[in-house]
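Have a look at the structure below before the remarks.
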Amino acid sequence: MATTIQQNVGVATSSQERAHHYDSRKPRGDSQCKAGPAVDTWHNPSLHYEEGLALATQSQDTENNKKSALDDGCSALIAMLRACGKCKDLQQGIRLHDEILKRHFLRRCSDALATMYAKCGALSKAKELLYKHHSKDLYSWTDLIAGYARQGLYHDALECFRQMQYEGLSPDAVTFACILKACGNLKASNMGKRIHDEIARQGLLGTDMVLASALVDMYAKCGALASAQQVLEELPFRNVVSWSALIAGYAQEGQGEQALHCFEQMQCEGFSPDEVTFACVLKACGTIEDVDKGKQIHEEIAKQGFLDTNIVLGSALVDMYAKCGALAKAQQVLEEMPSRNVVSWSALIAGYAQQGLGKEALNCFDQMKREGLSPNAVTYSSVLKACGSIQDIDRGEQIYDQIARQGLLGNNIVLGTAVVDMYVKCGALAKAQKVLEELPSRDAVSWSALITGFCHQGQGEQALTCFKQMLSEGLSPDAVTFSCILNTCSHLGLLEDAHMYFMAMNTKYGVKPSIEHYTCMVDLFGRAGHLDKAARVIQEMPFYDHVAVLSTLMGACRKWGDVNVGRWAFEQAVNVDKRDGSTYVIMADIYAAAGMQEDADMINFMKVENCGI
DNA sequence: TGATTCACGC
């Protein structure tokens, strides 16, 4: 069937076309570009292009009404641009751009041109047109912002958003949705909150499900889960997407129980999980190592036949079993997948590496390559961890060579750190340090890998030197760095320094001391015989479940023969958990060493009473 | 033109 250019791209006015666009969002898709007569014609460029131009030219040639004829020519070009955008036919679009310039239509076609470029992914061309012509077309701006958001160029999306508003335009629900996506991925929760306020002010949340889900997702991606949950709860309507966004947020933050709770609640409200929901829930099961729940989800997924087609879900399943330490099961799932990719394999390799099963991880790595799949930076990180875990420095170095040859270290701190850590675990600290220093950039984690190495090898001075170097690079130490540094100070007997760092970690670096850090301080003062100071550290702790810290203090009391502080710590420990036998043993020792045998016997009696042994 | 999912470093 012959289709004319008019039937295909039409000569609809822009408002008609946009109305159509807006109303038929759901069923649209690319079908027009892939099948049917319209496509065939359009994909015959010579036929199309020439016919379109002929149409535009004919219109211009009409004598009667010059002005409207000119409009028709321009409209036809605009319609053709729109078709290019729809089919992502950039080449054809560029030819139209030339034609538009030749005919001096640029002023009137610039928005349509920008939209075409935006849809074809040529974002800088689109941006140039909109900025240069101070476009007042909301849809063209939104197309560009959506393009940036799709490509992961979130800063560019925000910049365009600002410029659009600077031109006097007010965003609509679609613009807001794109900007929320950018905010979420940039973890820009303050900006996201401002957008939220504006959306609420305009009453858009009550009418637009997509926007509402985008808002939940924004807060979830920012880790502001209370806000995400609140938004979801206050929505007049929810769906599986808004629920999944929240579940994904909890899973991402490691709050697996909350994720599972939401999953239950979602089903209570009558929503059936889809493949995306299942992937989120599997991640949640992995983070809390709930293999039973994971198995249950696995059965549900299999029953619904999702595993036959969905490689993401299959990989999520491999990852869940791997994170739960059920590696045989993970491997079985991987082997039974109809097809697997580098993600599926990397999940399994990471699982083996995590459990210290370096040999198995390396076997998988080889098998993956035999299947013709190429490892990427994520795969290599896990493989390096595997080499470190079995101290296979030769294999590690071989992998490092491959990585370097592929230029993967250029901008990948995670991978660089994995190399450093591999050398550290193999005891090659000089090599580790050399790699670290040659990395294009470093962060607290990469430094900590090296610092931990020096610390564990008893080279405390070196650890502190690195720490100072790290600070001089303007980097903020994190919780792990401080644990390591406090331990180092403890072993070197640097009480004052340790105390200074301990105070600074919260006040200067915003790292809340964890029970581990308090334990370091107790150990430090305890070793030095400052038992009163150690006891004071415990008194100032904001934790309740702290038997381990108390027994650290009691160990120091045993060493220094301090019955009073020892008794105090013991009483605290019994208050927390009277069934923990270890503290009775230490207390009995303390009494016995002080020649207080009756008290020691009493403690042993209490131990039998309370702990049964 | 807009929403949810899988693998990595101390």
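Order of the sequence lines fixes the chain letters, A, B, ..., with proteins taken first and strands second; residue numbering starts at 1 for each chain. For the numbers below, each heavy atom of this structure counts, side chains included, while hydrogens, waters and symmetry mates do not.
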Look at the rings of Phe482(A) and His517(A) and say which category their plane angle falls in: under 30° parallel, 30 to 60° tilted, over 60° perpendicular.
perpendicular
Under 4.0 angstrom, heavy atoms only, what part of the nucleic acid is Asn310(A) near: base, sugar-phosphate, or nothing?
nothing
Over how many whole Å does the gap from Leu211(A) atom CG to dT4(B) atom P extend?
12 Å
Ignoring backbone atoms, test whether Lys283(A) places a side-chain nitrogen or oxygen under 4.0 Å from the OP1 or OP2 oxygen of dT5(B).
no
Distance below 4.0 Å between Lys221(A) side-chain N/O and dT5(B) OP1 or OP2
yes
Between Asp319(A) (CG) and dT5(B) (P), how many Å, whole number?
15 Å
Classify Asp443(A) by what it touches in the nucleic acid, base, sugar-phosphate, or nothing, heavy-atom distance under 4.0 Å.
base
Whole angstrom value for the distance that separates P of dA3(B) from CZ of Phe271(A)
20 Å
Could you tell me whether Arg150(A) contacts a base, only the sugar-phosphate backbone, or nothing, with contacts defined as non-hydrogen atoms closer than 4.0 Å?
sugar-phosphate
Which part of the nucleic acid does Ser382(A) contact within heavy-atom distance under 4.0 Å: base, sugar-phosphate only, or nothing?
sugar-phosphate
Rounded interatomic separation in angstrom, taking CE from Met320(A) and C1' from dC6(B):
12 Å
Tell me whether the count of non-hydrogen atoms from other residues, nucleotides or ligands lying under 6.0 Å of CD in Glu516(A) goes above 12.
no
Just how far, in rounded Å, is C1' of dT5(B) from CZ of Phe263(A)?
13 Å
Identify whether the distance between the nearest side-chain nitrogen and carboxylate oxygen of Glu437(A) and Arg442(A) falls below 4.0 Å.
no
Ile247(A) CD1 - dT4(B) C1' separation (whole Å)
9 Å
Integer-rounded Å distance: dT5(B) C1' and Ile311(A) CD1
14 Å
Please report the distance, rounded to the nearest Å, between CG in Asp274(A) and C1' in dT4(B).
7 Å
Does Asp143(A) pair with Lys119(A) as a salt bridge, N-O distance under 4.0 Å?
yes
